[in-house]
Every structure is written in structure tokens, then in C-alpha cells.
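Notes follow once the structure below has been shown.
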Amino acid sequence: MFKSIFLKQLTTFGLIILLSFVLLISIITSIVNSYSLSQNSENVKWTAAAAKATIEEGIKINNSNSYSDFLLNKKENIEKMTSAFFLRNDKMKLFITDMEGNVVLEMKGGEEADDVKIIASPLPERVLEETFDDGEYYSVSDLYTALNTRHIVYGHPIVHGDGQIVGAVYAGMEYTSDNSLMSLMMETVITACLWIALAALIAAYFMSERIVSPLRNMATVSKKFAKGNFSERVAVVGRDEIADLSVAFNNMADSLEEMEEMRNSFIGNVSHDLRTPMTTILGFIEGINSGAIPEEKHSYYLNIIASEVKRLSRLVNELLDITKLESGKRKFVFENFDICEMARLILISFEQKIEDKKLEVEFECFDDNVDVYADKDAIHQALYNLCDNAIKFSREGGLFRISILRADHGKIKVSVYNEGEGIAKEDIPHVFDRFYKSDRSRGLDKTGSGLGLYIAKTVIEAQDEKISLNSTAGEYCEFVFTLTEK
């Protein structure tokens, strides 16, 4: 995993750097070429304009009636006049044509006019037409093969003193990129690329290590979880997403450890709850069969056996309910029913237990009949479990109360209150957890499995209602849940 992430990040960084430098080189090359073209074009343009002005001024001064005569007889004067502004650049070329495009004079920076042969044939007619019609000519080309290579070319018509066009003058410079500048640029870019690539490699290594190290630790700890050891945790470093993942992983480990503890406790409790009645049932049946129990006592002991069977049945039913709830197979059927009547019937069903503990009973309902919309069987199960739990942990002679009151937003609030042991503050966050029993010593709760409150909470919240707990240890305990009024 480490190598995979490292290689992925390194490859990504490398591709980004490569693409960035290709783009950078393209942009720089374009800028350099554009700048070189612009600068050379300005030089060529200025040279062509200056040559035009010089020639026209020379014709005027010499009072020449013939442009051809002037060119043939005044080459030296033209060279003198033009050398001052363009022959200093050995890349500059200057050629003068007549009206038919024949080149009558050619000059190149650093060379004598008689030694120069720039164009071997007349200029194409289309070049002359554009020059004469537009008053100037510009192109970056070989002048339709008139030149051997691409040139930056500017041209102007030559005008006689009486306004008549008598020929044209063209200045040109071979269009090539600045190789020295490009070489220097490429060397600089490649050097920078190598340094940045090295820095990216180092950064990728440490970033990968920063990401992979916690993941590697999580993988190691997870293997220990698979073997049942939930005590290990991963170190939390920093405050980024990896740190958040580490915190979430540790929270998961806490939940797993707590769940494992509750599971072990549940197994112990259920084993005890199963073993005790089964032992009792077996003992009484063997006593009846062997005759150790007199026949007149059979009815008494059979009632005890029936009670233990009901206890076993209740435990099995609770386990089946949890299985259905957690698998989503428990389907809720909503209907209208009277919650007050349901509460009265549940209260009557606990009459014997209430008398045994001499509890003071209060029943409070804001109306004789209060219709709600919910799953009747599920609410009956939840309310029954809450009442059974309240009576079980009530002190002898204490207050037991069921209240049904109207709340805000169309809700009915049902509360089950008892005076007795209450629930310790540290146990309150866990009382609705499955398998959880605050009475771990089983001193008071000898029959419970730790599933009643979990079932009550699950079925109530599954109907988009809420359940809560208020309690003070050693004083009271009150469970409150809501229902939707019809």
C-alpha cells in the first residue's frame, strides 16, 4: 500500500511538472519569437521608410527626369545616403525595383552593392500591385519564392516629384529565431525542472509517509481487533483529515470494546437467566417423577415451572424482537388508538407486583380518551417494558406514576416515573444500549436481560418519535417519550 500510494503521488507530481514545463516552454518560446518578430519588424519598417525618403529626396535634389537614369548614375550616392541607417546591420537587405518589378539595385549590410545578388528574378506582380495600391507592403514570407528563405519584408512605392510612382523600395531581414536566447532559456528551464522534480520527489515521499503511516497503524490495529483485542489505539497527529480519520477509528475502537464488554456481559446474563429456570424446571420435574414431591404439592410446583417457562419464553421473544428490528423485518402498522386506555390496561396487568411493593400509584391523563397515531403493538411493548422496569427498581412504598400530557407541535408526552434506586449519572448515556444493565451485580434485576429499554427506544425512534431519561441516583427515575396526536 505504501509503495502504491507513493508511486501514484510521484507519478502525478511528475506528470504535473512535465506538463507545466512543456506549457511554460511553449509560452516562453511564443513570447520570445513574438518579441523578436516585433523588434525586427520595427527595424525593417523603419529602414524601408527611410530608404524611400532618401531616394525620393535624392531624385528631387538631382532634378532627374528619369528614375532609371538616377538609379544607374547615382548608385554611389544612394549607398552613401542609405548606409548611415541600415548597412550597420549585416542582416538587413535592401532592393529597389522599377515599375515592372525588375531589381535595379540591391544592397546588403556589410557588402558592396556590386557584389550582392539577393533576387535573381523580377518580383511577382501581386507584390507590386499590393505595394502600389496600398502604399506599402508587409509580409513574413519568401515573396512567393523570390527569396530563398522567409524574410520580414516591408516595401514602399517610390514617388517622383510630380506624384508619379516610378518604382518601389523593399527592406528585408531573414526571419529566424534567436538560437542563443532559446538555448539559454532551455538550459535554464531544464535546470529548474530538475531541481523542482527533486523537490517534488522529496515532498511526495514525506507526504506519502504522513498519509500512509496512520493507515499502516490502523491496518495493524485492525488485525488485532480481528483476534478479539480491542484495547489498541492509533496515535492522533495534527488536525487534518488524517487526524480526523484516526479519531474516528479510535472512537470505533471504543465502541467495539464497549460492545464486546456488553456482549460478554450479556452472554453471562443470558446464560444465567437460561440456566437458573432450566435447573429449577428440571429439578421439580425430576422430583415429581421420582415421587420426592408429594402429589398434593404437584399443583404448586407446576405453577412454578409454568412461571419459569414464561420467563424463558419472554427472554427468547426479546431476542427475536431484536433480530427483527436490526434486520429491518419488523414492519410497523400505523393506526389510531387510545393511549390512555392502553396505559390503564398495562397498569392493571402490574397490579400484583404493585401490591407486593406497596407502591403509591398515580395515573394522570389530560382527557379520558387521547387518540394517537402509531403502531399499537410496538407502543404497547415499549410502554410495558418501561413500566416493568420502573416497578422493578422502585423502592418499597415509593411513588409510581404514569402521566399523559399534551405537548407542543401536535405531540403527546407519555412519562413513566418511579421513586427508588434511580440511575447513576455515568450510566445514563448507556441505559438504552442493548445488553446494558446498570445493576451489574444482579442484586435487584434478577430476571432482566438488558434488552427491554433498547427495544423500547428502537421501536419509538423507528416511528419518528423521541424518548429521553431524567434521573437522580438514589431518588427517582423518569422515562419520557412522545407520540403524534390524532
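Worth saying up front: this structure is predicted, and the values here are computed from it rather than measured.
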Worksheet item: Among I346, L386, N385, whose side-chain contact (heavy atoms from CB on, under 4.5 Å) with V416 holds?
Response: L386
Worksheet item: Does the S38 side chain pair with the main chain of S34, one donor and one acceptor, at a distance under 3.5 Å?
Response: no
Worksheet item: Do other residues, nucleotides or ligands put more than 12 heavy atoms under 6.0 Å from the CG atom of N148?
Response: no
Worksheet item: Does the distance from a Lys or Arg side-chain N to an Asp or Glu carboxylate O, for E485 and R406, drop under 4.0 Å?
Response: yes
Worksheet item: Is the backbone N or O of S394 less than 3.5 Å from a side-chain atom of K357, with the two atoms forming a donor-acceptor pair by type?
Response: yes
Discussion item. Using ring centroids (six-membered ring only for Trp), state whether F432 and Y454 fall under 6.0 Å.
Written reply: no
Worksheet item: So do the side chains of N250 and V234 get within less than 4.5 Å of each other, counting heavy atoms only?
Response: yes
Worksheet, complete the sentence: So CD of E419 and CD of E396: to nearest 0.5 Å the spacing works out to 13.5 Å
Worksheet item: If we only count heavy atoms from C-beta on, is the M342 to F337 side-chain gap below 4.5 Å?
Response: yes
Worksheet item: Does the side chain of T482 reach to within under 4.5 Å of the side chain of I412, using non-hydrogen atoms?
Response: no
Worksheet entry | Side chains of H151 and D142 in contact at under 4.5 Å (non-hydrogen atoms) | no
Practice prompt. Can you see which heavy atom on C340 is nearest to which on V370, and at what distance?
Written response: SG-CG2, 3.5 Å
Discussion item. For a 4.5 angstrom cut-off between non-hydrogen side-chain atoms, does I402 reach E364?
Written reply: no
Worksheet item: If you measure only the distance, is there a donor-acceptor pair under 3.5 Å linking the side chains of Q39 and N43?
Response: no
Practice prompt. Supply the atom-to-atom distance F350 CZ to K392 NZ, rounded to the nearest 0.5 angstrom.
Written response: 9.0 Å
Worksheet entry | N/O donor-acceptor pair under 3.5 Å between D375 side chain and A378 backbone | yes
Worksheet item: Within 45 degrees of the axis of the six-membered ring of F363 and under 6.0 Å from its centre: does R401 put its NZ or CZ there?
Response: no
Worksheet entry | CA sep, side-chain torsions, deciding dist, call: D377, Q381, side chain to side chain donor-acceptor pair (under 3.5 Å) | CA-CA 6 Å; D377 292 338; Q381 183 182 25; over 6 Å; no
Response to the item:
Nearest heavy-atom approach of S141 to L147 is O-CD1, 4.4 Å
Item to complete: Evaluate the side-chain contact (heavy atoms from CB on, under 4.5 Å) criterion for residues M218 and S246: first the C-alpha distance (whole Å), next the side-chain angles of each, then the deciding distance (0.1 Å), finally the verdict.
Response: CA-CA 8 Å; M218 290 179 194; S246 299; 3.5 Å; yes
Worksheet item: Which heavy atom in E478 sits nearest to a heavy atom in Y417, and how many Å separate them?
Response: CB-CD1, 3.9 Å
Discussion item. Between L483 and K413, is there a side-chain heavy-atom distance shorter than 4.5 Å?
Written reply: no
Practice prompt. Using distance alone, with no hydrogens and no angle criterion, decide if N369 and D338 have a side-chain donor and acceptor under 3.5 Å apart.
Written response: yes
Worksheet item: Is F332 atom CZ crowded by more than 12 heavy atoms from other residues, nucleotides or ligands, each under 6.0 Å away?
Response: yes
Fill in: Distance in Å, C365 SG paired with R344 CZ, rounded so as to fall on 0.5 Å steps
6.0 Å
Worksheet item: Got more than 12 heavy atoms from elsewhere within 6.0 Å of CD, E296?
Response: yes
Item to complete: Report the C-alpha separation of K486 and E335 in whole Å, then their side-chain angles, then the decisive distance to 0.1 Å, and conclude whether the salt bridge (Lys or Arg N to Asp or Glu O under 4.0 Å) test is met.
Response: CA-CA 10 Å; K486 179 60 179 178; E335 59 181 306; over 6 Å; no
Fill in: Nearest-0.5 Å distance, CZ of residue F393 to CG of residue N418
9.5 Å
Discussion item. Counting neighbours of CG on D464 that are heavy atoms of other residues, nucleotides or ligands and sit closer than 6.0 Å, is the number greater than 12?
Written reply: no
Worksheet item: So does K411 have more than 12 non-hydrogen atoms from other groups sitting under 6.0 Å from NZ?
Response: yes
Discussion item. Any side-chain to backbone donor/acceptor pair from E475 onto S471? Under 3.5 Å, distance only.
Written reply: no
Discussion item. To check you understand the geometry: which heavy-atom pair defines the closest contact between S349 and Y384, and what is its length?
Written reply: OG-CE1, 3.9 Å
Worksheet item: Would E42 and K45 pass as an ion pair if we require N to O under 4.0 Å?
Response: no
Item to complete: Output all residues satisfying side-chain contact (heavy atoms from CB on, under 4.5 Å) with L37, sequence neighbours left out; order by chain, then residue number.
Response: S41, Y138, V140, I152, Y175
Fill in: Heavy-atom closest contact (L469 atom, C477 atom, distance)
CD1-SG, 3.4 Å
Worksheet item: Just wondering, do V44 and V153 contact through their side chains at under 4.5 Å, heavy atoms?
Response: no
Discussion item. With a 4.5 Å cut-off on side-chain heavy atoms, are L383 and F481 touching?
Written reply: yes
Worksheet entry | Side-chain ion pair, E174 and R150, N-O less than 4.0 Å | no
Worksheet item: Is the shortest side-chain N to carboxylate O distance from E461 to K457 below 4.0 Å?
Response: yes
Worksheet item: Which atoms form the tightest heavy-atom contact between L143 and P124, and what is the distance?
Response: O-CG, 3.6 Å
